[in-house]
Amino acid sequence: MKLRGLYAITDSQLLAGKFLAYVEAALDGGVTLLQYRDKSSDEARRLREAEKLHELCSRYKTQLIINDDAELAARLGVGVHLGQTDGPLTPARALLGSKAIIGATCHGQIELAEQAAKEGASYVAFGRFFNSTTKPGAPAATVEMLAQARTRLQLPICVIGGVTLDNAEPLVAHGADLLAVVHGLFGADSTQDVTRRARAFNDLLKYSA
Ligand SMILES: Cc1ncc(COP(=O)(O)OP(=O)(O)O)c(N)n1
Ligand SMILES: Cc1nc(C(=O)O)sc1CCOP(=O)(O)O
Ligand SMILES: [Mg+2]
């Protein structure tokens with residue numbers, strides 16, 4: 001199955017007090033991948049929340065991805081997303097098996113993506129394309145490099161960093177398969193608006209070649 005659609009990413013601060021309600025609202029609108037991203041070192045809470053998300057994702061037939069932590073992903077039997085300093089892809093692939101979804105952060109560098117492809121990544125992620133309140137210091141990527149990456153890479157391409165309904169269209173037009181979003185989705189004022197936004201992100205991908 002080709003990975004294409006909305007890639008919703010959780011944020012423990014933004015979702016405080018409404019975590020499962022907002023995640024379920026997004027799943028209701030349609031989510032291809034859901035990433036559990038929690039940068040705290042509270043392992044017990046991380047396990048508890050990841051288990052809850054796993055159960056929710058199973059109900060909605062959505063694939064769960066764990067950020068940073070291949071061991072936790074292995075424990076749950078789900079995928080993982082690894083950045084450039086989160087450990088190598090090859091052992092993660094050996095740990096999780098050939099069917100697991102493994103994503104790799106490639107910033108704005110096609111060479112990193114080509115290397116990740118060789119090491120068994122399932123998708124590559126480029127960013128940050130716009131200002132991001134979630135991760136303001138992330139290195140920048142451009143639409144021009146995205147277009148070039150599209151011609152050089154066979155893998156699904158994920159875009160991230162300040163993506164919203166207002167700015168995502170050119171990214172899709174230049175080759176993005178997965179729109180990875182925190183604030184542009186979960187920054188909504190109500191569960192109804194989260195669901196509406198999720199549907200609208202999916203429509204952007206559906207009605208583009
Ligand atoms: C889909 C996706 N793309 C990029 C990232 C960023 O990963 P990383 O560079 O490891 O930074 P942190 O998210 O761990 O702070 C991501 N998480 N997901
Ligand atoms: C986690 C993350 N990684 C990025 C990168 O560029 O690698 S940008 C980012 C934050 C994405 O959140 P928002 O949609 O709120 O900008
Ligand atoms: Mg990381």
Side-chain angles (χ1 to χ4, degrees), residues 3-16 22-23 26 31-41 46 50 53 62-73 78-89 91-92 100-110 112-113 115-117 119 121-143 145-146 149 153 155-169 171-172 175-188 193-194 197-198 200-201 204-205:
L3 290 175
R4 190 172 169 87
L6 173 61
Y7 187 167
I9 302 183
T10 68
D11 180 289
S12 302
Q13 280 77 47
L14 184 63
L15 292 174
Y22 268 40
V23 168
V31 173
T32 299
L33 299 179
L34 176 78
Q35 182 183 124
Y36 176 53
R37 180 173 182 271
D38 178 298
K39 301 301 284 185
S40 80
S41 50
R46 283 161 51 75
L53 291 183
T62 292
Q63 306 262 13
L64 178 63
I65 308 293
I66 304 291
N67 189 40
D68 292 341
D69 191 342
E71 302 288 333
L72 178 55
V78 301
V80 72
H81 183 93
L82 296 176
Q84 290 296 319
T85 58
D86 295 327
L89 294 173
I101 297 175
I102 300 183
T105 298
C106 301
H107 303 303
Q109 298 178 49
I110 298 173
L112 291 179
Q115 185 60 31
E119 292 174 13
S122 314
Y123 69 83
V124 290
F126 294 113
R128 139 191 78 90
F129 283 92
F130 306 103
N131 290 336
S132 168
T133 45
T134 308
K135 190 156 180 163
T142 64
V143 168
M145 68 71 42
L146 173 63
L153 298 165
L155 283 182
I157 293 178
C158 171
V159 292
I160 189 165
V163 177
T164 68
L165 283 168
D166 292 332
N167 63 26
E169 200 276 330
L171 301 178
V172 176
D177 297 297
L178 290 161
L179 298 173
V181 190
V182 180
H183 216 275
L185 177 67
F186 291 123
D193 199 33
V194 173
R197 290 184 189 198
F201 276 115
L204 281 175
L205 288 147

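Both ligands and their constituent atoms are indexed starting at 1 by order of listing.
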*Hey, is ligand 1 close enough to Asp68 that some N/O pair sits below 3.5 Å?*
yes

Atoms of ligand 2 under 4.0 Å from any heavy atom of Thr134, numbered from 1 in the order shown, are 10 (C), 12 (O), 13 (P), 15 (O)

Between His81 and the options Ile66, Asp68, Thr105, Ile101, the side-chain contact (heavy atoms from CB on, under 4.5 Å) test singles out Thr105

Among N, O or S atoms, Asp68 approaches the Mg ion (ligand 3) most closely through OD1

Yes or no: does Cys158 have any heavy atom under 4.0 Å from an atom of ligand 1? yes

Note: ligand 2 atoms sitting under 4.0 Å from heavy atoms of Ala138 are 5 (C), 6 (O)

Numbered in order shown, the ligand 2 atoms found under 4.0 Å of a heavy atom of Gly127 are 6 (O)

Would you call Lys39 a ligand 1 contact, heavy-atom distance under 4.0 Å? yes

For the residue pair Ser132 / His183, report whether a side-chain donor-acceptor contact shorter than 3.5 Å exists. no

One finds that the ligand 2 atoms under 4.0 Å from a non-hydrogen atom of Gly162 are 13 (P), 14 (O), 16 (O)

Closest to atom 4 (C) of ligand 2 among protein heavy atoms sits Ile160 CG2, 3.8 Å

Note: Pro88 and Leu82 closest approach over all heavy atoms is O-CD1, 3.9 Å

For Leu185 and Ala26, the nearest pair of non-hydrogen atoms, with its separation, is CD2-CB, 4.0 Å

Between the side chains of Asp166 and Thr164, is a donor N or O closer than 3.5 angstrom to an acceptor N or O? no

of all protein heavy atoms, closest to atom 7 (O) of ligand 1 is Thr105 OG1, 2.9 Å

Per-atom filter on ligand 2: closer than 4.0 angstrom to a heavy atom of Arg128 are 6 (O)

Between Tyr123 and Asp177, is any pair of side-chain heavy atoms under 4.5 Å apart? no

Here the gap from Leu72 atom CG to Asn67 atom CG, rounded to the nearest 0.5 Å, amounts to 10.5 Å

For Asp86, the N, O or S atom at the shortest distance from the Mg ion (ligand 3) is OD2

Just by distance, do the side chain of Thr10 and the backbone of Arg37 share a donor-acceptor pair under 3.5 Å?
yes

So CZ of Phe129 and OG1 of Thr142: to nearest 0.5 Å the spacing works out to 7.0 Å

**OP:** Determine, using heavy atoms of Gly184 and all atoms of ligand 2, whether some pair is separated by less than 4.0 Å.
**Re:** no

So the atoms of ligand 1 within less than 4.0 Å of a heavy atom of Arg37 turn out to be 12 (P), 13 (O), 15 (O)

Does Gln35, backbone or side chain, put an N or O under 3.5 Å from an N or O of ligand 1? yes

for atom 14 (O) of ligand 2, nearest protein heavy atom and its distance come out as Val182 N, 3.0 Å

When rounded to the nearest 0.5 Å, the distance separating CG of Leu146 from CZ of Phe126 is 7.5 Å

Ala125 heavy atoms within 4.0 Å reach ligand 1 at atoms 3 (N)

For His183, the atoms of ligand 2 under 4.0 Å from one of its heavy atoms are 13 (P), 14 (O), 15 (O)

Practice task
Please check if the side chain of Thr134 supplies one atom and the backbone of Val182 the other of a donor-acceptor pair under 3.5 Å.
Solution key: no

One should read off an interatomic distance between Cys158 SG and Ile65 CD1, to the nearest 0.5 angstrom, of 10.0 Å

Quick look: Asp86 vs ligand 1, heavy-atom contacts under 4.0 Å, and the answer is side chain

Does Arg197 reach the main-chain N or O of Leu165 with its side chain, forming a donor-acceptor pair under 3.5 Å? no

If you compare Lys135, Gln84, His81 by their heavy atoms, the one closest to atom 16 (C) of ligand 1 turns out to be His81

So for Arg37 against ligand 2, with non-hydrogen atoms under 4.0 Å, the contacting part is side chain

For Gly103 and Leu89 the tightest heavy-atom approach is O-CD2, 4.3 Å

shortest atom 8 (S) of ligand 2-to-protein heavy-atom contact is with Gly161 CA, 3.7 Å

the protein heavy atom lying closest to atom 1 (C) of ligand 1 turns out to be Tyr7 CE1, 3.4 Å

